Amino acid sequence: MKIAYMRSNQPTELDYEIASVNMLGTDIRLGVLEGLIEEGHQVTITSYIPDKHRHALRGESLGNFDNKWMTLLKYDLNPDMSKFDYIFVEPAAANAMYSYNSGVVTEFWGGLTPHFKQFANILEKSKGIPIVIIQHGPNSLELPIGRMQSLPDKYGEEYLKSVSPNNMHNIFKGFDYREHKWVLWTFAASSEHVIKNSANYHLPDLKFYRTVNTRLGYSPRYDKKFDVRQIKTAEYDLVFVGKVGTTFRGERVQKFYDTSEYTSLVVGKDWDTLKWRHRDSITIPGADKHHGNVQSHYEKGLACVICVSKDLATNGTEVTRVPQVIQSGCIAMCDNMIAGADRMVGSEFIVHNTEDVCNILDKYTIRQSKLNEVVEYQRGLLPTWQSLMSEVLNG
């Protein structure tokens with residue numbers, strides 16, 4: 001099949017080594033693109049790729065990641081959309097303040113152009129082509145869909161003339177999202193949870209052409225398989241990588257990591273701003289700038305307790321931390337607040353408190369063979385991105 005792929009907003013980064021931790025989605029993006037290529041599909045990226053990432057299209061990497069397969073990707077900001085069978089859309093921030101990120105200058109528009117304008121242009125030429133919305137965060141519909149419809153009376157011509165031509169209402173003027181075939185692809189416990197959580201977009205009449213609910217995939221190239229951790233040389237018992245984010249996640253991380261019963265490494269933005277009761281047992285080095293360094297942190301520990309935001313926990317959305325932890329060679333445990341977490345790590349590794357964590361560490365780090373056994377078990381639960389593509393495209 002011929003497939004167009006684009007971000008709805010913000011730049012499309014390709015080199016995992018230098019991908020920004022603030023530009024979320026690179027790990028999923030590369031997995032989906034790689035999976036489509038591995039399945040033999042022709043893929044064209046139709047959203048803006050920054051200059052500093054275009055070397056990846058030549059198969060090059062600024063690090064040790066294998067980008068050779070990317071030579072099969074095409075890049076076209078003004079494609080003939082009638083030739084495509086599917087469009088894959090990766091949602092990003094649903095507001096215009098990020099649409100001029102880094103002062104984007106595109107060849108097609110010839111000047112400063114919001115990413116949303118490129119998105120609107122592609123959609124306008126794509127009526128009748130199924131559009132796969134890839135879940136990004138707790139709500140799949142992190143798109144300006146509320147504005148992507150025939151405008152209500154209150155946004156009349158006088159109003160539109162009074163605001164910038166690049167105002168969202170002008171960009172999507174006259175657009176009716178109901179003219180498109182929307183396919184929802186989620187990584188949650190069920191699609192219904194995500195659709196319900198997206199109610200804040202006020203789209204009671206949005207009907208999905210099809211919904212697909214799968215596990216989160218992993219990429220053998222980017223979620224590299226490391227040797228199982230050596231118990232004798234591990235620097236920490238637990239490792240967590242990720243910013244504080246929401247109050248809920250901060251509280252859940254502290255529930256499992258703020259203890260004197262074991263040692264922890266907590267990497268990410270703003271953890272040093274929280275109050276810790278057992279600071280002597282916890283190392284907090286701050287944030288890492290690039291996605292490509294994630295597994296180097298997990299390599300230092302025996303296990304990770306995965307904690308997420310309240311919305312992600314409620315709808316049971318699987319996060320990329322799961323395959324990253326498991327492939328790095330340590331034990332993945334999940335906070336019991338995450339719905340359906342047993343499908344990700346196995347029911348034995350759902351933890352309610354530090355006592356549960358201690359029990360798992362005592363059981364599986366007593367001998368190297370026990371740790372090897374549990375890591376291989378959890379690796380067996382992981383699907384590759386390539387293995388998911390048939391279900392996404394064919395239902």
Side-chain angles (χ1 to χ4, degrees), residues 16 26-32 34-35 38-39 64-66 69 187-189 213-242 256 265 267 291-308 316-336 338 340-351 356-357 359-392:
Y16 196 58
T26 302
D27 31 23
I28 292 178
R29 179 183 319 124
L30 296 186
V32 172
E34 177 194 34
E38 294 285 357
E39 282 293 283
N64 298 316
F65 292 99
D66 176 11
W69 64 275
F187 311 114
N213 182 245
T214 71
R215 289 283 311 278
L216 191 79
Y218 84 93
S219 163
R221 288 185 175 91
Y222 302 104
D223 301 308
K224 291 182 179 180
K225 183 177 179 179
F226 289 84
D227 292 338
V228 177
R229 194 73 58 256
Q230 292 299 304
I231 297 171
K232 293 180 179 179
T233 59
E235 297 177 49
Y236 303 94
D237 295 310
L238 294 190
V239 175
F240 183 89
V241 182
F256 294 104
L265 171 66
V267 180
H291 270 304
N293 298 332
V294 169
Q295 285 182 307
S296 66
H297 298 300
Y298 290 126
E299 280 189 289
K300 298 174 183 177
L302 295 170
C304 169
V305 178
I306 295 164
C307 303
V308 298
T317 295
E318 188 168 2
V319 294
T320 54
R321 198 168 291 112
V322 175
Q324 288 167 353
V325 169
I326 295 171
Q327 288 294 84
S328 75
C330 62
I331 302 171
M333 307 180 210
C334 275
D335 178 1
N336 71 290
I338 302 174
D342 56 323
R343 78 190 197 283
M344 308 175 198
V345 299
S347 58
E348 183 181 355
F349 303 96
I350 309 302
V351 291
D356 288 347
V357 174
N359 289 338
I360 290 173
L361 289 174
D362 289 345
K363 180 177 180 179
Y364 289 105
T365 62
I366 189 172
R367 291 193 305 275
Q368 188 65 45
S369 61
K370 296 289 287 183
L371 182 58
N372 296 349
E373 176 187 321
V374 68
V375 171
E376 289 308 315
Y377 161 73
Q378 291 190 322
R379 284 175 172 171
L381 299 176
L382 297 174
T384 63
W385 284 108
Q386 182 181 355
S387 70
L388 301 175
M389 291 307 148
S390 178
E391 183 176 355
V392 175

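As the structure is a computational prediction, the values presented were derived from the model and not from experiment.
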Peer 1: Within the structure provided, determine whether Val375 and Cys330 are in side-chain contact (heavy-atom separation under 4.5 Å).
Peer 2: no
Peer 1: Would you indicate whether the side-chain heavy atoms of Val374 and Lys363 approach each other to under 4.5 Å?
Peer 2: no
Peer 1: Rounded to the nearest 0.5 Å, how far does CD1 of Ile326 lie from CG of Leu381?
Peer 2: 6.5 Å
Peer 1: With rounding to the nearest 0.5 angstrom, report the CD to OG1 distance, Glu299 to Thr233.
Peer 2: 10.0 Å
Peer 1: Quick check: closest heavy atoms across Leu265 and His297, and the distance to 0.1 Å?
Peer 2: CD2-O, 4.2 Å
Peer 1: What distance do Leu302 atom CG and Ile360 atom CD1 have between them, rounded to the nearest 0.5 Å?
Peer 2: 12.5 Å
Peer 1: Does Lys224, at its NZ atom, have more than 12 non-hydrogen atoms belonging to other residues, nucleotides or ligands within less than 6.0 Å?
Peer 2: yes
Peer 1: So Ile350 and Val345, do their side chains get closer than 4.5 Å, heavy atoms only?
Peer 2: yes
Peer 1: Between Glu376 and Asn372, do the side chains contain an N or O donor and an N or O acceptor separated by less than 3.5 Å?
Peer 2: no
Peer 1: For the atom pair OH (Tyr218) and CD (Gln386), what is the distance rounded to the nearest 0.5 Å?
Peer 2: 10.5 Å
Peer 1: Measure the shortest side-chain to side-chain distance between Glu38 and Thr384 over non-hydrogen atoms and say whether it is less than 4.5 angstrom.
Peer 2: no
Peer 1: Of all heavy-atom pairs between Lys300 and Val239, which one has the smallest distance, and what is that distance?
Peer 2: C-CG2, 4.2 Å
Peer 1: Hey, are the side chains of Ile306 and Gln324 touching, using non-hydrogen atoms and a 4.5 Å cut-off?
Peer 2: no
Peer 1: Please check: side-chain N/O of Arg229 versus main-chain N/O of Gly301, any donor-acceptor pairing under 3.5 Å?
Peer 2: yes
Peer 1: For Tyr377 and Glu348, does a side-chain donor sit closer than 3.5 Å to a side-chain acceptor?
Peer 2: no
Peer 1: Please give me the minimum heavy-atom distance between Ala341 and Cys334, naming the atom from each residue.
Peer 2: CB-CB, 3.7 Å
Peer 1: How close do Met333 and Ala303 get, counting heavy atoms only, and between which atoms?
Peer 2: CE-CB, 3.7 Å
Peer 1: Please check if the side chain of Glu318 supplies one atom and the backbone of Leu216 the other of a donor-acceptor pair under 3.5 Å.
Peer 2: yes
Peer 1: Given 3.5 Å as the limit, does a donor-acceptor pair link the side chain of Gln378 with the main chain of Ala332, or not?
Peer 2: yes
Peer 1: So do the side chains of Phe240 and Val305 get within less than 4.5 Å of each other, counting heavy atoms only?
Peer 2: no
Peer 1: Donor-acceptor check, side chain of Arg321 to backbone of Val241, threshold 3.5 angstrom: yes or no?
Peer 2: yes
Peer 1: Which atom names give the shortest non-hydrogen contact between Ile338 and Gly316, and what distance separates them?
Peer 2: CG2-CA, 4.4 Å
Peer 1: Could you list the residues that satisfy ring pair (Phe, Tyr, Trp, His ring centres under 6.0 Å) with Phe187, not counting sequence neighbours?
Peer 2: Trp185, Trp385
Peer 1: Go through the steps to decide whether Leu371 and Ile331 satisfy the test side chain to side chain contact (heavy atoms under 4.5 Å, CB included), and finish with yes or no.
Peer 2: CA-CA 8 Å; Leu371 182 58; Ile331 302 171; 3.5 Å; yes
Peer 1: Arg221 side chain to Leu30 main-chain N or O, any donor-acceptor pair under 3.5 Å?
Peer 2: no
Peer 1: Which atom names give the shortest non-hydrogen contact between Arg215 and Pro383, and what distance separates them?
Peer 2: CB-CG, 3.7 Å
Peer 1: How far does CD of Glu34 sit from CG of Asp66, to the nearest 0.5 angstrom?
Peer 2: 8.5 Å
Peer 1: Count the heavy atoms of every other residue, nucleotide or ligand shown that sit under 6.0 Å from CG of Asp227, and state whether that count exceeds 12.
Peer 2: no
Peer 1: For Tyr222 and Trp69, take the angle between the two ring planes, folded into 0 to 90°, and tell me which bin it lands in: parallel under 30, tilted 30 to 60, perpendicular over 60.
Peer 2: perpendicular
Peer 1: Nearest 0.5 Å, what's the CD-CZ distance between Glu373 and Arg367?
Peer 2: 9.0 Å
